[in-house]
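This report concerns only the one structure given below.
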Amino acid sequence: MRTEPQPAPYRPAPEILGLADWLGDPVEPARFPKHIVRFRNDRWADAVGLGGMDDAGWAKHFAGFEPLDDNLQKPLALKYHGHQFRTYNPELGDGRGFLYAQLRDAAGRLLDLGTKGSGRTPYSRTADGRLTLKGAVREILATEMLEALGVDTSKTFSVVETGEELHRGDEPSPTRSAVMVRLSHGHIRIGTFQRLAALQEAEHMEALIAYCLEQFPGSQPPDDAPGRGDPAIVLMHQVVERCADLAAAWMVAGFVHGVLNTDNINISGESFDYGPWRFAPQWDPGFTAAYFDHQSLYAFGRQPEAMHWNCGQLAVALRLLTEAPPLIAALDRFVPLFEAAMQRRWCWRLGVRSAGAEADMHLLEQSVAEMRAEQISPDAFFFRHRGGRDAEGALAEALVDHQTLPGASDGSFWQGEPPSLHIEEVEALWAPIAERDDWQPLFQKINAIRALGAVLRS
Ligand code: AMP
Ligand code: MG
């Protein structure tokens, strides 16, 4: 689905500076007692020309936040609002992160280096602006696994342990601290637009739309879409397309993001901000990741609905500039786009060719029936039947028209155990770090996940 990141030279591109006066606040990074480099994403560092540093240089930039050459001279805490569990909150914004730098990859796409755990900002409210080391390790694991499974996700670029003691209700405390850097296609959220709508900043919203259309290029609306010449409508269609695909990508990955608030939804359609995420141990639509999600609003099977609702909030915000009917026409595309993306991605993960919408939908239904009957996880299901093999009964019948992709299940990879990342495994990877600073199991796991990604992409 995606190719390997390609090595490229460092190309600074601080495009945000044109919007910075009203989009963010310059902030000071925290000064940490220690810088212990724990994780460098060398594949992606090479793709943005930053792979050549030694660890000291790395820490100077990705924990000390000394500016990169010809880049932002001061980090920018971005301003946004958002709906949290359907309640509007105008007091959000980067409370423990900031935009540190912007650059371009080999294909010329604009990428942000943003932080998590880099200190307090005007948006920290009563919180400490910090990230736990365990939170950082969990974010490495989520991003690596999702990338391997073909999900459009932010990349964990760097994790540096920072030597502070943090107190958290959901971790044995005191607990270790870290600062993380993520690489992603922008940090413009649905909540960024909601803030401009709430403040009635029409000119700024026009400028932000122009920025998104230029920096995150997408397709044009369908020929019959009303208002298709209006930039706000073009953006609306692109976000609906991306969110529908992302919702399908999570479902096929068996992934529960956990906190699908509008401030966590990137306009570029990239999945990001991994807190209480989990991979579903079974195909259970009610499976809920966040212990604080008491209504199961963001349960596994409700993610498509949550994303549709979030797109609706973008439409409400864009009403500042445009009329409702063309926005509604864009929103109405969500469900058919989601279904098509489910079919396409299901076939891809299973290693078979599409056999048309009806046959693909039937395959999907029989696959779910099989997972339920066997009480197995999506990981186990897709592994067991990769290339359409070992299917019996109704599942075999549903597969008759689906050709196997060439080489789909060749090689020793498909003989072993399915790589997965269920909560017990995550805890088992964290334990040796917590108990004896043993990082080997984590790095072995990352290698196994990357091997899965390589065979799925090949
Ligand atoms: P999240 O649910 O992680 O996306 O965070 C929601 C809001 O709370 C955002 O504005 C975050 O910046 C802020 N936030 C979360 N944790 C902290 C923290 N430890 N310190 C400061 N702000 C935080
Ligand atoms: Mg967030």
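One-based numbering, in listed order, for ligands and for the atoms of each. Bear in mind that the values here come from a model prediction, so they are computed numbers and not experimental data. Hydrogens, waters and symmetry mates are skipped; everything else that's a heavy atom, side chains included, is used.
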Over 12 non-hydrogen atoms of neighbours within 6.0 angstrom of CD in Glu323:
no

Heavy-atom contact under 4.0 Å between Arg125 and ligand 1?
yes

Looking at ligand 1, does Gln84 have a heavy atom less than 4.0 Å from it?
yes

Using the salt bridge (charged side-chain N to carboxylate O under 4.0 Å, His left out) rule, take Arg176 and Asp437 through it: C-alpha gap first, then chi angles, then the decisive distance, then the call.
CA-CA 11 Å; Arg176 291 152 75 176; Asp437 221 15; 2.7 Å; yes

With a 6.0 Å cut-off on the ring centroids, do Trp346 and Phe382 count as close?
yes

Counting only heavy atoms closer than 4.0 Å, does ligand 1 sit against the backbone of [X], its side chain, both, or neither?
| X | result |
| --- | --- |
| Arg168 | side chain |
| Asp128 | both |
| Leu131 | neither |

Heavy-atom distance to atom 1 (P) of ligand 1: which of Val259, Asp273, Asn261 wins?
Asp273

Is there at least one protein heavy-atom neighbour under 4.0 Å from atom 12 (O) of ligand 1?
yes

For Asp245, is there an ion pair with Arg345 - N to carboxylate O distance below 4.0 angstrom?
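Here Arg345 pairs with Asp245 in a salt bridge, since their nearest N and O are under 4.0 Å apart.
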
Would you mind checking if Glu161 and Lys34 are paired as a salt bridge, meaning a charged N to carboxylate O distance below 4.0 Å?
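A salt bridge is absent here (no side-chain N lies under 4.0 Å from a carboxylate O).
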
Would [X] count as being in polar contact with ligand 1, using the rule that some N or O on each side must be under 3.5 angstrom apart?
| X | result |
| --- | --- |
| Ala127 | no |
| Arg96 | yes |
| Gly93 | yes |
| Gly95 | yes |

Salt bridge (charged side-chain N to carboxylate O under 4.0 Å, His left out) assessment of Asp42 paired with Arg40
CA-CA 6 Å; Asp42 291 322; Arg40 298 172 53 144; 3.7 Å; yes

From the list Lys116, Lys79, Arg189, salt bridge (charged side-chain N to carboxylate O under 4.0 Å, His left out) partner of Asp94 resolves to Arg189

Please state whether the separation between the Mg ion (ligand 2) and some N/O/S atom of Asp273 is under 2.8 Å?
yes

Near the Mg ion (ligand 2), is there an N/O/S atom from Asn261 that is less than 2.8 Å away?
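Short answer: no, not a single N, O or S atom is under the cut-off.
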
Distance to 0.1 Å, residue and atom name: give those for the protein heavy atom nearest to atom 5 (O) of ligand 1.
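Result for atom 5 (O) of ligand 1: Asp263 OD2, 4.7 Å.
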
Among all protein non-hydrogen atoms, which one is nearest to atom 20 (N) of ligand 1, and what is the separation to 0.1 Å?
Gly129 N, 2.8 Å

Below 4.0 angstrom from a heavy atom of Arg130, which ligand 1 atoms are there? Numbered from 1 as shown, please.
19 (N)

Within a distance under 4.0 Å of any heavy atom of Asn264, pick out the atoms of ligand 1 and give their elements.
4 (O)

When His257 is tested against each of Phe272, Trp250, Phe279 for ring pair (Phe, Tyr, Trp, His ring centres under 6.0 Å), which residue passes?
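Exactly one pass, corresponding to Trp250.
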
Output, in order, the C-alpha distance, side-chain angles, deciding distance and verdict of side chain to side chain donor-acceptor pair (under 3.5 Å) for Trp44 and Glu147.
CA-CA 12 Å; Trp44 283 96; Glu147 183 183 358; 3.0 Å; yes

Is the cationic atom of Arg138 (NZ for Lys, CZ for Arg) positioned less than 6.0 Å from the six-membered ring centroid of Trp277 and within 45 degrees of its normal?
yes

Assess, by modelled atom type and distance only, whether the side chains of Asn261 and Tyr298 contain a donor and an acceptor separated by less than 3.5 Å.
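Per modelled atom types, Asn261 and Tyr298 side chains form a pair under 3.5 Å.
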
